[in-house]
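One structure below.
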Amino acid sequence: MRLHLIYTGGTIGMVHNERGDLVPYDFADLLDRVPELGALGATFCTSVLEPLVDSSDFHPSDWTRLADLIWAEAPHADAFVVLHGTDTMAYTASALSFALLGLNLPVVLTGSQLPMGVPRSDARENLITAVEVARARDAHGKPVLREVAVYFEYTLYRGNRVYKQSSEDFNAFDSPNFPALASAGVKLVFAPSVEEGAARQAAAAQRRAEGAAPHTRFDPAVGWLPFYPGIDETFVHAVLNSGRKAVLLQTFGTGNVPSQQWLAEALREARERGIHLIQVSHCRKGGVGSSEYAAGRILQEVGVLSAGDTTLEAALVKAMWLLAQDLSADAFQTVFARNLAGERSEG
Ligand code: ASP
């Protein structure tokens with residue numbers, strides 16, 4: 001069992017130096033710092049994505065570097081664990097879920113709220129169990145997990161379904177629209193949904209074997225327009241005229257926006273200029289549907305795409321991923337509405 005561990009930065013890989021500052025530790029010492037890993041029956045190989053960064057500094061081009069590294073190492077590895085800062089882990093997990101479609105291997109992202117070496121740190125447990133998840137095999141010796149997942153505080157989540165919900169609890173992530181893939185108590189118990197994820201990966205791997213190349217690039221030309229009481233024309237125009245090819249509209253509830261004529265016109269004009277408008281919700285649970293309210297009709301009339309119950313992190317990343325594939329406008333709209341990597345319930 002060959003496990004490739006990739007360190008990208010973030011709290012989990014930091015220790016206090018003699019001056020009390022948090023600095024990244026020498027990753028080569030990992031097995032010395034966490035000797036329990038040596039007892040897990042895996043051969044470890046490690047990579048560091050230089051330069052190590054706070055995940056707030058991650059750029060879509062870093063998702064590409066990470067995905068390319070994983071594809072390049074895949075022939076020599078049975079599973080991957082990625083150590084990453086928590087702040088933007090949901091974006092990176094979503095990005096990898098698209099860029100690694102068809103990899104068909106476990107890729108588990110984890111991090112921690114407190115640095116390794118601090119008393120009460122969650123780093124050790126998160127790392128050890130992430131490795132346990134990645135090495136889990138079924139009765140036929142195949143990996144139980146074959147998709148991109150996030151492991152945190154005794155729970156394994158589908159990577160493109162999480163968001164960071166807390167900056168202070170150890171339980172930093174939540175996946176309100178999709179149940180956990182596994183829970184870690186005395187035993188590691190996987191949910192039946194891992195099989196659905198594995199089936200999707202097997203189908204994507206088959207398409208790859210027939211010559212479909214993986215897409216690992218992202219076009220960051222996506223904007224984000226949150227609606228709020230008092231939003232005005234100047235602000236909406238500034239976002240819609242900022243040169244983005246797609247804009248996420250973060251709407252109220254099931255997909256409602258102020259029912260004002262200037263807004264309908266601004267959105268219609270943006271659509272006429274070829275900008276893809278994608279609707280997500282301020283609500284983390286549920287998502288956008290076909291709104292029964294007059295306040296939501298505008299969006300349907302204008303031809304706004306619904307992200308359904310996709311998280312806004314995954315919707316943003318999906319738009320960047322599809323834009324980088326130079327699809328026609330119609331194909332973008334059709335493909336965006338599909339469930340490509342388990343990121344939405346319908347479609
Ligand atoms: N700011 C850090 C990061 O996201 C926080 C963490 O690692 O939890 O890189």
Side-chain angles (χ1 to χ4, degrees), residues 5-17 19-30 33-34 37 46-67 69-70 80-97 99 107-131 133-134 148-176 180 184 218 220 224 284 311-314 316-317 320:
L5 205 51
I6 304 174
Y7 177 40
T8 69
T11 304
I12 191 165
M14 303 212 169
V15 285
H16 285 109
N17 66 10
R19 287 175 41 206
D21 298 330
L22 273 178
V23 290
Y25 62 76
D26 187 347
F27 204 53
D29 298 346
L30 184 75
R33 284 186 179 278
V34 192
L37 290 178
T46 56
S47 295
V48 175
L49 199 74
E50 302 277 5
L52 292 171
V53 287
D54 185 296
S55 75
S56 316
D57 273 323
F58 248 69
H59 182 270
S61 57
D62 295 314
W63 304 332
T64 302
R65 288 201 301 134
L66 189 51
L69 171 65
I70 292 174
F80 292 86
V81 170
V82 179
L83 303 186
H84 194 287
T86 56
D87 287 345
T88 68
M89 191 186 293
Y91 294 89
T92 301
S94 298
L96 292 181
S97 79
V107 178
V108 185
L109 282 84
T110 195
S112 67
Q113 294 283 59
L114 285 175
M116 188 80 76
V118 166
R120 298 182 54 247
S121 172
D122 50 336
R124 187 174 289 270
E125 196 287 317
N126 284 349
L127 172 56
I128 294 170
T129 309
V131 169
V133 165
V148 177
V150 166
Y151 177 76
F152 225 86
E153 185 66 0
Y154 306 114
T155 310
L156 183 74
Y157 304 96
R158 177 161 288 170
N160 53 30
R161 291 295 197 139
V162 291
Y163 76 101
K164 185 174 177 181
Q165 65 157 353
S166 175
S167 56
E168 57 182 31
D169 296 337
F170 283 136
N171 182 15
F173 289 91
D174 192 19
S175 167
F218 297 83
W224 182 342
R284 285 303 196 160
T311 61
L312 61 88
E313 290 84 348
L316 184 97
V317 166
M320 291 182 178

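Each ligand, and each atom within it, is numbered from 1 in the order the structure gives. Just so we're clear, the structure is a prediction, and the values are computed from it rather than from any experiment.
For ligand 1 and Gly10, the ligand atoms under 4.0 Å from any heavy atom of the residue are 7 (O), 9 (O).
Shown are Gln165, Met89, Arg161, Glu153; of these, the side-chain contact (heavy atoms from CB on, under 4.5 Å) with Phe173 is made only by Met89.
At least one N/O-N/O distance between Asp54 and ligand 1 falls below 3.5 Å.
Distances from atom 1 (N) of ligand 1 to the heavy atoms of Asp57, Thr11, Asp87, Asp122 put Asp87 nearest.
For atom 8 (O) of ligand 1, the closest non-hydrogen atom on the protein side is Thr86 OG1, 2.4 Å. When hydrogens are left out, the protein atom nearest atom 9 (O) of ligand 1 is Ser55 N, 2.7 Å; that is the closest non-hydrogen contact.
For Ser112, every heavy-atom contact with ligand 1 shorter than 4.0 Å involves the backbone, none the side chain.
A heavy-atom distance below 4.5 Å is not found between the side chains of Leu69 and Arg65.
In this structure, CG on Asp122 lies 7.5 Å from CD1 on Ile12, to the nearest 0.5 angstrom. The CZ atom of Phe152 sits 5.5 Å away from atom OG1 of Thr86, with the distance rounded to the nearest 0.5 Å.
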Does the side chain to side chain contact (heavy atoms under 4.5 Å, CB included) test come out yes or no for Lys164 and Asp87, once each step is laid out? CA-CA 7 Å; Lys164 185 174 177 181; Asp87 287 345; 2.7 Å; yes
